[in-house]
Amino acid sequence: MNGLMMQHPLQIADILCHAERWHADSEIVSRNPEGGIHRYTYRDAARRARQAANVLTALGVSPQDRVATLAWNTHRHYELYYAVSGSGAILHTINPRLFPEQIVYILNHAEDRVLFIDAQFLPLIEAVCEQLKFLEHIVVLAPEAAMPDTPLGVQSYEALLADAPDTYDWPALDEDSAASLCYTSGTTGHPKGVLYSHRSTVLHAWACTGRDVLNVGNDRTLLPVVPMFHVNAWGVPYSATMAGAKLVLPGAGMDGASLYELIEGEQVDMLLGVPTVWLGLLQYCEKENLKLNPVRDVVIGGSAAPLSMIRDFDEKHDAFVIHAWGMTELSPVGTVNNNSRLMQQLPRAERYALQTKQGRPVFGVEMKIVDDQGQELPHDGKAWGRLLVRGPWIARGYYKHEDCSAWENGWFDTGDVATIDPHGLMQIVDRSKDVIKSGGEWISSIDLENCAMGHPAVAECAVIGVPHPKWDERPVLLVVLKEGQTATDTDLLDYLSGHVAKWQLPDKVLFVNELPHTPTGKLLKRALREAYQNLLME
Ligand code: AMP
């Protein structure tokens, strides 16, 4: 016997309709790429999203066509999140930090017909436009008066919107139909497309609002610094809207000064982003002797949050770090380490250590660690294994791609190696390809980085496994020092030896001016491994 409940498909447009109806006056504040701060409400955003949907129709966009964006976190980009998916087309957000050849590849692979672009990124397209086989229209996200000079045939978003009617009936869509597309910048081969559905997007956003997840409520003010061109800014444009929270969008201003100005000016109480962004903000605050007064929570994911960052946010800014783990294939949120009964009982130092773990799975994500034979490993906090997941917002394949090697028996192999402790807290040990194999033992590069970051002179660091004639691989530590600080390799090794076993100590410490990052802000360890492959071979 079936239950007697209504069948109502989950649809992205309904999220904005809900905010318009019930949270109409909540604000969205956005730093305009052309200068100035833009401020409006969910009521205005919903009206402009309907206008944008009419623009799509006028441009000839049909259901399930791919519509690309190359844009910062702004109110215009936000409107497209709803206009494109809500009208039945597929929003394809492109990361402008990808190499030009990757941008060409994914625009062609997705067969994008229309591109909405911030003026700053136009040169990327000017350089490759002849290779773009499917692109018919380019719309610059700017008013007519701020349109840039370009040899490309382009139209102004604001001009198109001004001419578009503000009534539009969002179509009833199959909840399983595709809504958005995001390519992962894999370290080998072409980027692979993850195709989210309306259902997966709504469920994921819904889960994220939860008290023990990101705790997104109507009384909160969120600043997603995580870009809207990477995994839908962790779903924040949806979850904030669901809750009618105030949303603050930083545009192109990711530097410490610009972020601080927005945080103070808009009284932001929740920050979301990758560790490298917070390094910049924390350094800025330290230099200028500033406190992040309104901030209550800092959600950190994308790479491991170092203990020193967790401590700095707490001790200097009274802000609690919510460590989260996820990936593009997971929409992206998989686990969250929010304040728990366990944490509240611990003295600060022990709590910080616990916060370096990536936390428990959100309801909806099933998770296990397995050995090389696929046997499940115990939750003892010690056994390391491949981290497998499954659930309704986890990809079951890549878009137009045959490689399904990451899936086994309905589980997705994340490529991460992790432990799970008796409290159910998962901790990422490493990407499986970054674990350092030394004389039959494994060393976690993340562990060593975490320790080295605690040294007061270290701004950023990376640990890589370098081939060694006797031990197979040995760790090498690369360090960027904070401005005006000095330290020697012996200082760092002495410091580390207080925290890790002797056999895990790096064989060498190298000081560098900067470290390479991937387009999504992670350390590019492959490049480092290549550069230093012969370092220990003499
Ligand atoms: P992406 O799909 O580009 O978002 O990258 C996902 C990968 O980032 C994961 O598989 C992890 O290796 C890494 N990652 C994400 N969050 C964390 C975290 N909190 N700690 C350590 N690694 C993380």
Side-chain angles (χ1 to χ4, degrees), residues 93-95 97-98 102 106 180-188 191-196 204 213-214 224-236 272-278 298-307 309-310 321-338 354-362 365 367 369 384-389 393-395 398-399 406 411-420 425-435 444-450 453 462-463 517-526:
T93 53
I94 301 178
N95 186 339
R97 297 180 188 132
L98 292 172
Q102 290 179 315
I106 63 175
S180 66
L181 177 62
C182 180
Y183 282 74
T184 64
S185 43
T187 45
T188 51
K192 288 176 263 183
V194 180
L195 191 59
Y196 309 106
H204 173 264
V213 186
L214 304 185
V225 183
V226 49
M228 288 168 74
F229 54 71
H230 183 55
V231 224
N232 299 333
W234 300 350
V236 174
L272 303 102
V274 298
T276 38
V277 169
W278 309 133
V298 186
V299 183
I300 303 185
S303 301
L307 189 140
M309 187 174 282
I310 294 169
V321 167
I322 301 175
H323 197 179
W325 165 86
M327 51 197 308
T328 310
E329 289 87 341
L330 271 78
S331 297
V333 178
T335 67
V336 176
N337 198 357
N338 208 330
L354 201 71
Q355 282 178 272
T356 63
K357 301 193 175 198
Q358 283 77 0
R360 297 190 172 101
V362 178
V365 174
M367 192 173 85
I369 44 172
W384 296 10
R386 290 184 296 135
L387 183 66
L388 308 189
V389 290
W393 57 79
I394 294 168
Y398 293 114
Y399 175 59
W411 290 82
F412 173 68
D413 185 337
T414 62
D416 285 334
V417 175
T419 59
I420 301 177
L425 297 172
M426 182 276 282
Q427 181 157 32
I428 298 287
V429 172
D430 241 326
R431 282 303 282 167
S432 54
K433 56 188 184 313
D434 294 337
V435 181
S444 156
S445 65
I446 292 185
D447 259 5
L448 281 172
E449 287 159 9
N450 211 338
M453 284 297 290
V463 173
H517 292 96
T518 67
T520 56
K522 299 184 209 307
L523 288 166
L524 190 55
K525 294 202 179 170
R526 181 174 45 99

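For ligands, and for the atoms within them, numbers begin at 1 and follow the listed sequence. For clarity, every value in this text was computed on a predicted model and none was experimentally measured.
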Checklist entry - Which residue owns the protein heavy atom closest to atom 4 (O) of ligand 1, what's the atom, and how far is it? => result His230 NE2, 3.3 Å

Checklist entry - If you take all heavy atoms of Met228 and Thr93, which pair is closest and at what distance? => result O-CG2, 3.5 Å

Checklist entry - Can you tell which part of Met327 has a heavy atom less than 4.0 Å from ligand 1: side chain, backbone, both or neither? => result both

Checklist entry - Judged by non-hydrogen atoms, does Pro332 sit under 4.0 Å from ligand 1? => result no

Next on the checklist: Less than 4.5 Å apart, side chain to side chain, heavy atoms only: is that true for Gln355 and His323?
Outcome noted: no

Checklist entry - Do Asp447 and Val429 touch side chain to side chain, with heavy atoms closer than 4.5 Å? => result no

Checklist outcome for this item: If you scan protein heavy atoms around atom 13 (C) of ligand 1, the nearest is Gly302 O, 3.5 Å

Checklist entry - Is there side-chain contact between Met367 and Thr335, with at least one heavy-atom pair below 4.5 Å? => result yes

Next on the checklist: Check contact between Ser303 and ligand 1, using heavy atoms of the residue and a distance below 4.0 angstrom.
Outcome noted: yes

Next on the checklist: Between Pro191 and Gln102, is there a side-chain heavy-atom distance shorter than 4.5 Å?
Outcome noted: yes

Checklist entry - What are the atoms of ligand 1, with element, lying closer than 4.0 Å to any heavy atom of His323? => result 18 (C), 19 (N), 20 (N)

Checklist entry - Do Val225 and Trp278 have side chains that get closer than 4.5 Å, going by heavy atoms? => result yes

Checklist entry - Got the closest protein heavy atom to atom 20 (N) of ligand 1, with its distance? => result Gln358 NE2, 2.9 Å

Next on the checklist: Checking contacts here: is it the side chain or the backbone of Asp416 that comes within 4.0 Å of ligand 1, counting heavy atoms only? Could be both or neither.
Outcome noted: side chain

Checklist entry - Among all protein non-hydrogen atoms, which one is nearest to atom 21 (C) of ligand 1, and what is the separation to 0.1 Å? => result Ala304 N, 3.3 Å

Checklist entry - Would you say Leu98 and Tyr183 make side-chain contact, with heavy atoms under 4.5 Å? => result no

Checklist entry - Tell me, which protein residue and heavy-atom name are nearest atom 19 (N) of ligand 1, and how many Å apart are they? => result Ala324 O, 2.7 Å

Checklist entry - What protein heavy atom sits nearest atom 8 (O) of ligand 1, and how far off is it? => result Lys522 NZ, 3.2 Å

Item to check | Ser331 side chain near Val231 side chain, heavy-atom distance below 4.5 Å | outcome: no

Checklist entry - Between Thr328 and ligand 1, is there a nitrogen or oxygen pair with a distance under 3.5 Å? => result yes

